[in-house]
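Each ligand, and each atom within it, is numbered from 1 in the order the structure gives.
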Amino acid sequence: MIYQSDALTVTRLEGDIAELHFDLQGESVNKFDQNTVTHLTAALDAIEAEQGLQGLLVTSGKPVFIVGADITEFTGLFGAGADEIKGFTGLNNANFNRLQNLPYPSVVAINGFALGGGFEICLACDFRVMSTVAKVGLPETKLGILPGWGGTVRLPRIIGVDEAVMWIATAGEKRPDAALKAGAVDAVAAPEQLREVALTTLNNAIAGQLDYAARRAQKSSPLPLNDTEAMMTFFTIKQMVAQQAGRNYPAPVKVVDVIEQARGMDLEGALEVEAAGFAELAVTPVAAALVGVFLSDQLLGKKARGWEKQADKKVEQAAVLGAGIMGGGIAYQSAYKGVPIKMKDINQAGLDLGLREANKLLSKQVDRGRMTPSKMGEVLSSIDPTLTYGGFDNVDIVVEAVVENPKVKHAVLAETEKQIGPDTVLASNTSTISIDFLAEALERPENFCGMHFFNPVHAMPLVEVIRGEKTSDTAVARTVAYANKMGKKAVVVKDCPGFLVNRVLFPYFDGFSKLVRDGADFQAVDKVMERWGWPMGPAYLMDVVGIDTGVHAAEVMAEGFPDRMKLDFKTATEVMFENQRLGQKNGIGFYEYIADKRGKPKKTAVESTYELIAPVAGERTEFSDEDIVARMMLPMATELARCLEEGIVETPAEADLALLYGLGFPPFRGGVFRWMDTVGLEFIAAASEKFAHLGKSYELTDGMKAKLADGTTYY
Ligand SMILES: NC(=O)c1ccc[n+]([C@@H]2O[C@H](COP(=O)([O-])OP(=O)(O)OC[C@H]3O[C@@H](n4cnc5c(N)ncnc54)[C@H](O)[C@@H]3O)[C@@H](O)[C@H]2O)c1
């Protein structure tokens with residue numbers, strides 16, 4: 001044994017080969033946490049001191065190789081300032097340089113995921129052998145940063161600038177075939193042959209049949225581009241990357257900058273440029289937000305798995321009531337993810353529509369080469385369209401997705417309860433009706449909860465699982481387990497009008513209505529909110545949701561929370577509704593929608609909207625971008641704070657992710673609580689004072705006031 005620790009070991013193998021073996025004790029994966037970095041330094045001391053070695057083999061004792069840096073350490077580190085951050089990158093860069101400069105060849109056996117720092121150590125080795133089941137990549141830009149341990153230096157020198165920029169800017173994970181084709185790895189081997197192939201490669205290098213010195217020279221030299229080539233390459237790439245990333249995500253463009261700046265430098269100089277770029281990005285609010293989203297997502301996953309463990313039984317057969325927009329989508333998603341589903345409607349036309357929708361989605365997958373026609377047939381045949389309750393006594397969960405009408409839902413739920421087994425879970429996809437109210441129709445309310453999907457079901461990641469007063473843990477657990485199985489992100493919330501997402505969305509829409517009432521141009525509001533990061537502005541979003549749905553839901557919300565959500569004026573949305581302008585669904589709402597060549601509805605502005613809303617719109621007034629954002633976002637933020645304080649949602653992290661996954665809230669802002677932490681509650685309080693005349697939804701909650709007083713943040 002040359003070195004031993006709880007993170008990695010070094011042993012001497014036959015043939016004077018040292019094996020550096022990563023196996024972090026007490027963890028399911030290997031990662032470069034500070035402990036591992038420290039041990040790697042010490043292990044390199046020991047390796048360098050060991051006499052007579054001829055080669056180094058790098059391996060992992062986990063199913064993954066190394067997943068990268070320990071992201072839980074980032075929050076503290078990034079807050080500590082640029083010097084501290086440079087120290088962090090410097091330590092492991094020194095390690096990887098030492099590894100690259102050992103006086104004998106090195107080979108890594110990549111058995112599983114090698115991401116971020118996990119792939120950067122592979123790049124520092126002379127030769128890379130990859131298992132057929134492994135994946136490699138540099139996903140740092142997803143976190144708003146760039147690779148900090150030589151990724152931007154070694155990768156372009158190994159596989160070329162264009163390819164390396166694409167790998168890093170798009171943060172993709174690469175399969176063995178792609179990695180081999182690009183030249184990022186030297187060989188691919190079946191898992192059971194990986195070690196042998198890696199050792200053979202190493203022995204060949206030791207025997208002088210492979211030129212490892214040339215490999216090192218390539219990684220330590222300037223990029224082989226003359227000035228003209230460089231100018232053309234970087235100019236084109238930068239434009240492309242900037243366009244793809246969008247102005248709110250600076251990391252991908254910074255990657256190109258860093259590679260360009262370092263193109264004429266040797267390894268040492270280039271690593272310094274990279275470290276400076278890394279430190280610059282790491283202190284931005286975007287990095288804090290994206291790292292926060294990553295960590296919150298881990299929390300969400302952990303909670304969802306926790307619920308799943310509590311489930312008394314697996315969901316093996318499901319059913320959905322109603323084959324409309326939502327029912328059809330739920331049936332497709334369930335079948336696609338391997339849970340057979342009965343789809344019941346009251347008329348054949350409804351069933352045909354639901355099946356056509358599923359067929360369309362599956363055909364798209366086949367056209368794109370992501371599914372074989374036979375798999376498509378299999379998925380389709382696991383949707384069982386029916387007009388009766390036959391076989392309902394055998395299902396594990398039923399999702400009700402019939403029309404949004406309390407009387408109809410009461411009748412349908414009561415009827416269904418008589419057809420299902422005593423422990424079958426019944427869940428409603430209602431978007432507004434209280435779960436406790438719906439439960440009144442049931443004899444076993446403990447088996448009942450909400451399971452609120454978002455439209456379109458296959459594309460929107462969020463599912464709100466709503467527990468009513470009488471809902472049992474078992475019912476919640478099985479419903480979350482089903483959501484997990486469907487590949488969705490489940491957030492468990494308590495019952496209230498609008499639940500979590502719609503409860504905070506409607507105050508935001510009210511902010512829009514008040515702006516238009518006070519003379520704002522609805523198109524200007526849309527543009528400002530889109531520039532702020534929303535995928536669509538409020539008028540456009542209302543059109544997509546459906547004006548009729550929006551007006552109906554607004555009424556429910558006003559009834560539930562009259563002090564904040566009952567408006568004393570007629571809104572522009574109501575005017576649209578009165579004029580049968582229902583939005584995208586009938587081709588015209590605030591905007592007109594005309595199908596483009598590919599059949600996608602394309603939004604166009606129409607003058608008639610201004611004429612129609614003139615009676616309810618104030619005299620045209622210019623509002624600053626800041627005021628528009630504040631007037632739109634404050635009602636959403638105060639309502640979200642109320643939900644947290646009332647225990648509707650358990651943590652700021654879950655609330656923020658619910659808005660990201662349910663509404664498309666801009667990830668680079670990390671969520672509404674993250675946004676408030678970033679701008680500061682003093683800023684929020686000042687805006688609240690400025691717009692106090694707009695009503696209670698602009699008032700800080702007691703919890704917000706308390707935080708303001710003691711200077712604490714949500715994260
Ligand atoms: N559309 C959305 O954006 C959206 C989003 C989230 C939740 N929801 C909720 O999902 C539910 C369904 O909405 P949708 O947009 O799919 O409606 P939809 O009108 O498209 O479909 C409703 C379907 O239910 C069928 N139906 C009516 N009575 C029935 C009964 N007794 N048994 C079986 N089927 C019956 C109808 O024939 C129709 O096919 C509503 O509660 C709605 O609030 C909708």
(message) Does either side chain, that of Ser296 or that of Arg674, offer a donor lying less than 3.5 Å from an acceptor on the other one?
(response) no

(request) Would you please say whether a donor-acceptor pair under 3.5 Å links the side chains of Gln365 and Tyr336? (result) yes

Dump the pairs for me: ligand 1 N or O, protein N or O, distance under 3.5 Å, to 0.1 Å.
from, atom 1, to, atom 2, distance (Å)
ligand 1, 3 (O), Asn455, ND2, 3.3
ligand 1, 10 (O), Asn429, ND2, 3.0
ligand 1, 16 (O), Ile325, N, 3.3
ligand 1, 16 (O), Met326, N, 2.8
ligand 1, 20 (O), Ile325, N, 3.1
ligand 1, 37 (O), Asp345, OD1, 2.6
ligand 1, 37 (O), Asp345, OD2, 3.4
ligand 1, 39 (O), Asp345, OD2, 2.7
ligand 1, 41 (O), Val402, O, 3.3
ligand 1, 41 (O), Glu404, OE1, 2.5
ligand 1, 41 (O), Lys409, NZ, 2.6
ligand 1, 43 (O), Glu404, OE1, 2.8
ligand 1, 43 (O), Ser431, OG, 2.7

(request) Return yes if a side-chain donor-acceptor contact under 3.5 Å exists between Asp656 and Tyr714, otherwise no. (result) no

(request) Would you kindly say whether Tyr508 and Glu639 are connected by a side-chain donor-acceptor distance under 3.5 Å? (result) no

(request) State, yes or no, whether a side-chain contact exists between Met451 and Tyr482 at a heavy-atom distance under 4.5 Å. (result) yes

(request) Kindly indicate whether the side chain of Lys489, heavy atoms from C-beta on, has any atom under 4.5 Å from the side chain of Asp297. (result) yes

